[in-house]
Amino acid sequence: MTISRLGRLLVALLGLLWLVAPTLAQGPDPRAIIAEFGGKKSFDETEATVKSLAATGDPNAANALRALGDGELYYRKADQSVLIARGAGAELQAFDALSGEPAGTEPKAGLEKVKIKNSIRKTIADALGSLTLSSPDPARRLASATGLFSGATPEQIEMLDAAIAKEGDKAIRQRLEEARANAVLKSDRPTADKIQAVETVAARGDRPALVALSTLTSSPDEVLAKAARARAGTIEREIAFWGQAQNIWYGLSLGSVLLLAAIGLAITFGVMGVINMAHGEMIMLGAYTTFVVQEAIRTHAPHLFDWSLAIALPLAFLVSGFVGLVIERGLIRFLYGRPLETLLATYGVSLVLQQAVRLWFGPTNREVGNPSWMSGAFDLGLMSVTWNRVWILAFALAVFAGLLFALNRTSMGLKMRAVTQNRRMAAAMGIRTPWVDALTFALGSGIAGVAGVALSQIDNVSPDLGGGYIIDSFMVVVFGGVGNLWGTLVGAMSLGVLNKFIEPYAGAVIGKIVVLVLIILFIQKRPRGLFALKGRFVDA
């Protein structure tokens, strides 16, 4: 009889365990933890509830945490039940705190907001990061794992261990291990564990890793401090190296812009000896041509937007080249041999063109978009490289190569070089020098228009666009050697890099003044620039 009763009791216990086992296996109930936000709580209690909710690992818990951080988590005064409420006025739209599903409306007077402070907001951010690690989207998990590094705390070590154990993506697992290592450095774990964590953190080799290690360089544990100092020194040297590389890249990027702006001026100044103060406005016309093309595409063929620059390039060349041809035939050809009057006349033309653009397009900046293939950036070591700068550098070199081919391998290029070297002899050989001048000016203006297409991607398109490049263009041409394309290339890149190395110490304005002074001193020693070219005024 006793055995029978024990048997029935055992069967009952097994049945009870079978019923509750799924609940026990699921761990803490997120809905029950959210209910702990109800009623008047101290900040410490609220923060503890946030951590408990994060520990459940339930992605739906992020709804309540986001609402808490945004000041949208409330509890009813009547029954202390917690919900999300949004809106304005006497009635608020209510949502379930866990699932986020609509739950009707609630009178605002019957609700009390769950109060938090700044330290709790940081805890919420960390909690949301840990919950995102459960996302099925690898990109979200990677972003979350990356963001956990700086704020990693010893309390998160167990959570990170669990995430590392179940993570299959190598890159995400590496970020999780780095975050765990930073958490270990802040913990009271043995020195051996911290030394291993120092190696893991140092492998990142970036500024966040340096910050994490710098806190240990004065540790009372001399073994740990020595390891941290050694790895921090290595990272500092690597950061300094990539910092110089970043400056060189910025300098080359600026140099490509200066090359595009100056290359057209180099050939007109070299062949014709004309100081064209309207050259910047040719750049501006190219930029506005790009704007008009993109507006037409947005209105009539949005699917062609990624091709907008390819369409704008030949049009900008034709528009600026035609305007340049009109200026040369209508004005400049009457002023050859009078450089001061040419300078004043082209300056007047630049003012006319600026005002015409203001009347037609308005004085405000115009929006020119980046095609998808020119948007975004990528990391190279510890430096960030934007795609638009990469394409502009490649485009500037392509324009340079194309112009170099035209000058050295075409009949028109041969005539231009002949006029540059000895105008009288070229005329005696039957070359129509006036038309060479006209076509050269049109070519230089057209190239300036093409430069405007590129500059529209990195600068504001406005009537004053060209004015910011005209002085720099003249400096490049004079420094490199008048009329010499290789001198223009070397001069543009040299001045670009020099500017970017001086600016961090002297500022942008003082940096330009320093560069100008250095060019003046250089010209005193080499009046004909880096690459001297026999010109029409040196017929030796």
Side-chain angles (χ1 to χ4, degrees), residues 22-137 139-148 151-153 155-160 162-163 166 176 179:
T23 304
L24 294 174
Q26 290 174 359
D29 180 12
R31 193 173 293 279
I33 296 175
I34 290 174
E36 295 177 11
F37 286 118
K40 291 187 177 297
K41 303 287 184 181
S42 67
F43 287 133
D44 290 340
E45 290 174 320
T46 300
E47 187 168 4
T49 304
V50 170
K51 293 179 180 178
S52 299
L53 191 57
T56 65
D58 188 337
N60 288 330
N63 292 320
L65 291 175
R66 289 194 192 94
L68 180 61
D70 295 338
E72 297 176 341
L73 194 67
Y74 293 80
Y75 64 88
R76 288 196 195 96
K77 296 176 183 178
D79 59 5
Q80 313 298 306
S81 59
V82 180
L83 50 86
I84 299 172
R86 300 187 181 102
E91 294 287 328
L92 301 181
Q93 194 69 35
F95 302 87
D96 183 85
L98 182 62
S99 67
E101 295 178 355
T105 59
E106 291 284 340
K108 187 175 182 179
L111 300 177
E112 186 74 28
K113 183 181 294 186
V114 180
K115 294 181 173 58
I116 60 173
K117 58 180 181 178
N118 287 336
S119 62
I120 298 179
R121 287 189 176 89
K122 185 179 184 305
T123 304
I124 292 171
D126 294 341
L128 285 171
S130 65
L131 287 173
T132 312
L133 293 176
S134 304
S135 171
D137 183 3
R140 292 190 64 184
R141 295 202 309 276
L142 179 60
S144 177
T146 303
L148 280 173
T153 61
E155 292 79 12
Q156 294 176 322
I157 293 177
E158 291 185 6
M159 179 272 291
L160 289 168
K166 67 180 183 180
L176 290 172

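- When every heavy atom of Ile33 is checked against every heavy atom of Thr49, the shortest pair comes out as O-CG2, 3.4 Å.
- Residues Arg121 and Ile116 have side chains in contact (heavy-atom distance under 4.5 Å, counting atoms from C-beta outward).
- Note that the CG atom of Leu160 and the CG atom of Leu176 stand 6.5 Å from one another [nearest 0.5 Å].
- Of all heavy-atom pairs between Val50 and Leu65, the closest is CG1-CD2, 3.8 Å.
- Tyr75 places a side-chain heavy atom less than 4.5 Å from the side chain of Val114.
- The two residues Ile84 and Ala67 make their nearest non-hydrogen contact at CG1-CB, 3.7 Å.
- In this structure, the side chain of Lys41 does not engage the main chain of Lys115 through any donor-acceptor pair within 3.5 Å.
- When side chains are defined from C-beta on, Leu73 counts as touching Phe37, because their heavy atoms get closer than 4.5 Å.
- In Glu158, the CD atom is not crowded: 12 or fewer heavy atoms of neighbouring residues, nucleotides or ligands sit closer than 6.0 Å.
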Audit row: Gln93, Thr105, side chain to side chain donor-acceptor pair (under 3.5 Å) steps and yes/no
CA-CA 5 Å; Gln93 194 69 35; Thr105 59; over 6 Å; no
What verdict does the side-chain contact (heavy atoms from CB on, under 4.5 Å) test give for Lys117 and Ile120, after you've listed the backbone C-alpha separation in whole Å, the side-chain angles of each residue and the deciding distance to 0.1 Å?
CA-CA 5 Å; Lys117 58 180 181 178; Ile120 298 179; 4.0 Å; yes
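- With a 4.5 Å cut-off on side-chain heavy atoms, Lys51 and Thr123 count as touching.
- Each salt bridge (Lys or Arg N to Asp or Glu O under 4.0 Å) pair with one or both residues in residues 62-72, not counting sequence neighbours, appears once here: Glu72-Arg86.
- Among all heavy-atom pairs drawn from Ala103 and Asp96, the shortest one is CB-N, 4.2 Å.
- Considering every non-hydrogen atom in both Phe95 and Gly100, the closest pair reads CD2-O, 3.6 Å.
- Ion pairing of Arg76 with Glu106 is present here, as a side-chain N (NZ or NE/NH1/NH2) and a carboxylate O approach within less than 4.0 Å.
- Contact detail for Ala97 and Asn63: the closest heavy-atom pair is O-CB, 3.9 Å.
- Panel note: side chain Glu47, backbone Asp44; no donor-acceptor pair is recorded below 3.5 Å.
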